[in-house]
Student: 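Got a structure here, written out as structure tokens. Questions coming.
Since the structure is predicted, the reported quantities are computational estimates derived from the model, not experimental observations. Heads up: numbering here begins at 1 and tracks the sequence.
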Amino acid sequence: MKRVLFTLCFVCASIVFLNAQSLNEDLYAPKFALKTNLLYWATTTPNLGMEFTLGRKTTMDISGNYNFWNFSDHKKFKHWLVQPEVRYWFCDRFNGHFMGIHGHYAEYNVAGLKILNMEHFRYQGNLYGGGLSYGYHWILGDHWSIEATIGIGYAHLKYDKYPCDKCGEKIKDGIRNYVGPAKLGVNLIYVIK
């Protein structure tokens, strides 16, 4: 975990240093935006993100999610997640195609979901990792935009497994490594110039 955070900080610091000169040349391009991922809202997960300028063609996107709901039939999808990402824009920042390098950390408590063999068990733990992403940003007006993004990556999961959502002693603790889709978003964005 420390290596991932150190690497992400090193990459960010390098980009800021290399692009500091070019910021003065681009005074009228957007420098800050607030956003929310509509796909996370579809899973009842409140979320908020921000993106700010690092250089002429680079930005830092930081999003956070927090789901605190208990559902009927002993189902739950409680978690919080933070996902910082450094983005490189092929044209202008906040416009068109971009590539990103992201990290992620989450803590979760899920039960009763009919995916990944979680229907009869509860899993509680944390995960961390990172990956690469691609996206496209469409300008809708002076302040409003929308973007789509998808990413693949790695996650290291540590978990405790329980027989049901509220009761029982721990069955086991485990570690799992995952490689695959790690980011998906359709973001509604308010750009502050």
Side-chain angles (χ1 to χ4, degrees), residues 1-9 12 33-51 60-87 98-136 146-189:
M1 170 97 173
K2 291 179 184 177
R3 289 181 192 163
V4 172
L5 292 175
F6 175 77
T7 303
L8 189 59
C9 289
C12 291
L34 295 173
K35 56 179 62 181
T36 190
N37 188 334
L38 302 176
L39 297 180
Y40 288 157
W41 283 102
T43 65
T44 68
T45 303
N47 67 92
L48 186 62
M50 66 177 173
E51 187 169 359
M60 170 65 90
D61 177 78
I62 301 172
S63 64
N65 312 322
Y66 179 61
N67 190 315
F68 49 89
W69 308 109
N70 281 322
F71 302 106
S72 61
D73 300 328
H74 304 289
K75 294 177 184 171
K76 66 171 74 176
F77 187 53
K78 292 184 174 186
H79 69 277
W80 68 267
L81 166 74
V82 63
Q83 198 167 44
E85 178 178 61
V86 175
R87 292 179 170 179
F98 63 86
M99 294 290 295
I101 299 172
H102 65 268
H104 44 254
Y105 180 82
E107 291 183 0
Y108 57 88
N109 186 357
V110 296
L113 303 177
K114 294 183 180 183
I115 58 169
L116 303 174
N117 194 29
M118 290 190 277
E119 186 172 7
H120 303 292
F121 301 100
R122 180 173 68 89
Y123 293 88
Q124 183 174 341
N126 62 49
L127 66 85
Y128 63 88
L132 301 172
S133 63
Y134 165 78
Y136 193 87
I146 196 162
E147 75 182 14
T149 183
I150 188 167
I152 59 168
Y154 164 78
H156 179 79
L157 294 90
K158 292 176 71 176
Y159 64 88
D160 294 331
K161 182 178 179 179
Y162 298 89
C164 62
D165 67 332
K166 292 183 183 177
C167 57
E169 293 185 25
K170 180 168 57 171
I171 297 172
K172 74 173 199 172
D173 56 359
I175 295 175
R176 184 173 182 194
N177 293 302
Y178 165 83
V179 175
K183 185 170 189 162
L184 185 62
V186 174
N187 296 311
L188 181 62
I189 302 166

Student: Do the side chains of Ile150 and Pro181 get nearer than 4.5 Å, heavy atoms only?
Tutor: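 Counting from C-beta outward, Pro181 and Ile150 never come under 4.5 Å.
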
Student: Among His102, Lys35, Gln83, find the residue that satisfies the side chain to side chain donor-acceptor pair (under 3.5 Å) test when tested with Asp61.
Tutor: Lys35

Student: Give the minimum heavy-atom separation between Gly153 and Ala182, together with the two atoms involved.
Tutor: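 It is N-CB, 3.7 Å.
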
Student: Can you find a pair of side-chain heavy atoms, one from Leu157 and one from Ile175, that are under 4.5 Å apart?
Tutor: no

Student: To check you understand the geometry: which heavy-atom pair defines the closest contact between Gly100 and Glu85, and what is its length?
Tutor: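 Between these two residues, the closest heavy atoms are CA-OE2, 3.8 Å.
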
Student: Can you tell me how far apart CE (Met60) and CZ (Arg87) are? Round to the nearest 0.5 Å.
Tutor: 11.0 Å

Student: For residues Thr149 and Lys183, determine if any side-chain heavy atom of one lies less than 4.5 Å from a side-chain heavy atom of the other.
Tutor: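 They are in contact (side-chain heavy atoms under 4.5 Å apart), so the answer is yes.
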
Student: Are Ile189 and Glu51 side-chain neighbours, meaning at least one heavy-atom pair lies under 4.5 Å?
Tutor: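 Side-chain contact under 4.5 Å: no.
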
Student: Excluding sequence neighbours, so at least two apart, what forms salt bridge (Lys or Arg N to Asp or Glu O under 4.0 Å) with Asp173?
Tutor: none

Student: Can you name the closest pair of heavy atoms from Thr36 and Trp41 and give their distance?
Tutor: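 Here Thr36 and Trp41 meet closest at OG1-NE1, 2.6 Å.
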
Student: Would you say Asn67's side chain and Asn65's backbone share a donor-acceptor pair under 3.5 angstrom?
Tutor: no

Student: To the nearest 0.5 angstrom, please state how far the NZ atom of Lys158 sits from the OH atom of Tyr108.
Tutor: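 Between Lys158 NZ and Tyr108 OH, I get 10.0 Å after rounding to 0.5 Å.
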
Student: Would you mind reporting whether Tyr40 and Tyr66 have side-chain heavy atoms less than 4.5 Å apart?
Tutor: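 They are not in contact (no side-chain heavy atoms under 4.5 Å apart), so the answer is no.
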
Student: Which pair of non-hydrogen atoms, one from Leu81 and one from Ala106, has the smallest distance, and what is that distance?
Tutor: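 That closest heavy-atom pairing would be CD1-CB, 3.7 Å.
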
Student: Can you name the residues that form a ring-ring contact (aromatic ring centres under 6.0 Å, His included) with Tyr159, not counting sequence neighbours?
Tutor: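 By the ring-ring contact (aromatic ring centres under 6.0 Å, His included) rule, Tyr159 matches Tyr123.
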
Student: How long is the span from the CG atom in Asn126 to the NE2 atom in His79, to the nearest 0.5 Å?
Tutor: 14.0 Å

Student: When rounded to the nearest 0.5 angstrom, what distance separates CD1 in Ile62 from CE in Met50?
Tutor: 4.5 Å

Student: Of all heavy-atom pairs between Tyr136 and Phe98, which one has the smallest distance, and what is that distance?
Tutor: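 Here Tyr136 and Phe98 meet closest at N-CE2, 3.6 Å.
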
Student: Give a yes or no on whether Leu184 atom CG has more than 12 heavy-atom contacts from other residues, nucleotides or ligands under 6.0 Å away.
Tutor: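 More than 12 within 6.0 Å, yes.
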
Student: Testing the 3.5 Å rule here: is there a donor-acceptor pair between the side chains of Gln124 and Asp160?
Tutor: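 Not at all, the side chains of Gln124 and Asp160 share no donor-acceptor pair under 3.5 Å.
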
Student: Give, for atom CZ of Phe121 and atom OH of Tyr162, the distance between the pair rounded to the nearest 0.5 Å.
Tutor: 14.0 Å

Student: Indicate yes or no for a side-chain donor-acceptor contact from His104 to the backbone of Tyr154 under 3.5 Å, with no hydrogens or angles considered.
Tutor: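 Yes: the side chain of His104 pairs with the backbone of Tyr154.
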
Student: Got a second to check how far Phe68's CZ is from Asn109's CG, nearest 0.5 Å?
Tutor: 14.5 Å

